[in-house]
Amino acid sequence: MENVHNKYGGINLKKSSKIIYSILAVFGIFIIGASLYYVIANNENKNKNNNIKEKVISEISYLEEKTVNIFNKMNQIEYDNYKISVENIEEGQSSGASEDTNDENNQQNTSESSSNSEQSNQGQTSEPNANNSQTSGGNSSSNSKQNTDEQESNQKYVLQRTGVLTEEKNIDWDATKIEIESLYTSLPTITLDLYNTNIDQNEILSFNSEIDILTEKIKSESKQDTLTQLVNVYDFIVKFMKQVNDDELEVVGIETKQNILKAYSKLDTDDWNSINQDIQTAIEVFSRLMTNKDLSSDNQYFINKTYIMLNELKSSIEKQDKEIFLIKYEELVEELRKVWYNKN
């Protein structure tokens, strides 16, 4: 009996072991599957957050560029220093060509008159009148087209280089109004994307209100009020960029530009002490990059060049000459635009 008990007890023990092993295997597979699911889901969530972050940074950069464009329009500053103009050619330059054209037309008219005369001599009395009428109408249309062609040929298009010293001083308010109005097309989408970040929603709403105030200032065509309000709008843009972007080169670049634009906005007030302080702050902010050893050699060249340009801008303040300041400002802001293309 004992042998039988051992025999059947051993069988039950083996069955129990198999069941336990099966349960452990299933449990292990479940744990592995759950872990893989967690890892994949976590990676997808990170990728989604990164995509949102990159999109928001791109949108903030768009707002920044639009705002700087309006800043520049207040002093007719353009990054492409060329414009196309239409000039009339002097009559003496085109008279020879006109005389040749008239001689050809006279020869054609003489030939046509001779042909019509021959047809008249053959007894076709009604047809010549019709032909003469058609010829007269054709000549009239031809002359009209000729005059238009001559007008166009008397004009030429010239690509002219412009700059701070040669640019018109009057603000193109119509172009400025178009610039700010175009911003409203993309603003709702940008607002929704900003809501998906860690930026406080009240600040987002305040930013949109500042845009409305800026539009009012532009509508009233008040230069100084527009510049002052542009500074307020730009302050929000810098604040947003610092909250979503961890790239030091980009953050320092936009902070530096923030202080340069503050100085730029005060040019018409002749408050050169305040302008000097703003540029000094810009230099101190940008100096943070000078000690960063992680940047590439290409970025180091950009940093050194920009640092020199900043100090050149500061030195121009001593002369208290707006045009000299604007010349150096234009070159410096153009250089700072490259911050988005010098990342590695």
Side-chain angles (χ1 to χ4, degrees), residues 37-74 79 173-222 225-262 264-265 285 333 336-344:
Y37 176 80
Y38 173 79
V39 171
I40 293 172
N42 191 44
N43 287 336
E44 288 181 351
N45 189 46
K46 285 183 178 178
N47 291 334
K48 182 180 179 181
N49 290 336
N50 287 336
N51 291 336
I52 293 175
K53 178 182 175 181
E54 290 176 3
K55 184 182 180 186
V56 169
I57 290 174
S58 176
E59 289 170 335
I60 295 174
S61 300
Y62 167 80
L63 292 173
E64 192 271 344
E65 184 178 9
K66 282 284 189 180
T67 306
V68 173
N69 285 344
I70 298 175
F71 262 113
N72 290 339
K73 285 183 182 299
M74 294 300 99
Y79 292 129
W173 285 107
D174 288 341
T176 307
K177 291 172 184 176
I178 291 173
E179 189 82 29
I180 188 64
E181 190 171 342
S182 67
L183 195 61
Y184 283 91
T185 304
S186 53
L187 197 57
T189 302
I190 295 174
T191 300
L192 286 174
D193 290 335
L194 290 173
Y195 282 157
N196 291 324
T197 66
N198 59 347
I199 299 175
D200 186 89
Q201 292 191 3
N202 290 327
E203 288 189 345
I204 299 172
L205 294 175
S206 296
F207 170 73
N208 291 349
S209 297
E210 295 295 334
I211 293 290
D212 291 339
I213 296 173
L214 174 60
T215 304
E216 292 173 357
K217 302 302 181 184
I218 293 174
K219 181 182 176 182
S220 64
E221 300 187 0
S222 172
D225 288 345
T226 298
L227 286 167
T228 302
Q229 185 57 27
L230 280 166
V231 170
N232 296 335
V233 170
Y234 201 86
D235 286 346
F236 273 97
I237 292 173
V238 174
K239 187 184 298 184
F240 293 164
M241 184 66 82
K242 290 170 67 175
Q243 291 186 60
V244 300
N245 197 345
D246 54 4
D247 188 305
E248 186 181 11
L249 182 63
E250 293 184 4
V251 172
V252 170
I254 196 171
E255 279 190 87
T256 302
K257 197 185 294 187
Q258 177 185 25
N259 289 284
I260 295 171
L261 292 171
K262 284 181 179 179
Y264 169 90
S265 70
V285 169
V333 173
L336 282 169
R337 289 179 72 198
K338 298 176 184 177
V339 71
W340 314 108
Y341 308 105
N342 280 274
K343 297 184 300 177
N344 286 320

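Quick note: residue numbers are just sequence positions, from 1.
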Contacts of T67 meeting side-chain contact (heavy atoms from CB on, under 4.5 Å) (sequence neighbours excluded), chain-then-number -> F71, L230, V233, Y234, I237
Output for pair (N259 CG, I254 CD1), nearest 0.5 Å, gives 11.5 Å
With sequence neighbours left out, the residues meeting salt bridge (charged side-chain N to carboxylate O under 4.0 Å, His left out) with K219 are none
By salt bridge (charged side-chain N to carboxylate O under 4.0 Å, His left out), K262 pairs with (sequence neighbours left out) none
Hits for side chain to side chain donor-acceptor pair (under 3.5 Å) against N196, two or more places apart or cross-chain, chain-then-number order -> none
With sequence neighbours left out, the residues meeting salt bridge (charged side-chain N to carboxylate O under 4.0 Å, His left out) with E179 are K66
Taken to the nearest 0.5 Å, the spacing of I218 CD1 from T176 OG1 works out to 6.5 Å
One should read off an interatomic distance between Q258 CD and M241 CE, to the nearest 0.5 angstrom, of 12.0 Å
| task | In sequence, state the C-alpha distance, the side-chain angles, and the governing distance for V251 and D247, and then conclude on side-chain contact (heavy atoms from CB on, under 4.5 Å). | result | CA-CA 6 Å; V251 172; D247 188 305; 5.6 Å; no
So salt bridge (charged side-chain N to carboxylate O under 4.0 Å, His left out) across residues 225-237, not counting sequence neighbours, yields none
So, K239 and D200, do they make that salt bridge, N to O below 4.0 Å? no
Starting from the C-alpha separation in whole Å, work towards a yes-or-no answer on side-chain contact (heavy atoms from CB on, under 4.5 Å) for D246 and K53.
CA-CA 10 Å; D246 54 4; K53 178 182 175 181; 3.4 Å; yes
Across all chains, not counting sequence neighbours, the side chain to side chain donor-acceptor pair (under 3.5 Å) partners of D193 are K55
Sorted by chain and residue number, the side-chain contact (heavy atoms from CB on, under 4.5 Å) partners of T197 (sequence neighbours excluded) come out as V56, I199, V244
Margin query: I'd like to know whether CD of E203 has more than 12 heavy-atom contacts from other residues, nucleotides or ligands below 6.0 angstrom.
Written below: yes
Residue set satisfying salt bridge (charged side-chain N to carboxylate O under 4.0 Å, His left out) with E248, at least two apart, ordered chain then number -> none
So CH2 of W173 and CD1 of I178: to nearest 0.5 Å the spacing works out to 14.0 Å
Per-pair distances, 0.1 Å, donor-acceptor, side chain in residues 204-214, under 3.5 Å, sequence neighbours excluded:
unit_1, atom_1, unit_2, atom_2, d
S206, OG, N202, O, 2.9
N208, ND2, T191, OG1, 3.2
S209, OG, L205, O, 3.2
E210, OE1, Q229, NE2, 2.4
D212, OD1, Y184, OH, 2.8

Value for CD1 (I180) from CD (E216), rounded to nearest 0.5 Å, stands at 11.0 Å
Take Y264 and V231 through the side-chain contact (heavy atoms from CB on, under 4.5 Å) test and state the conclusion after the steps. CA-CA 10 Å; Y264 169 90; V231 170; over 6 Å; no
Residue set satisfying side chain to side chain donor-acceptor pair (under 3.5 Å) with E221, at least two apart, ordered chain then number -> K177
Residues passing the side chain to side chain donor-acceptor pair (under 3.5 Å) test with S58, sequence neighbours excluded, are none
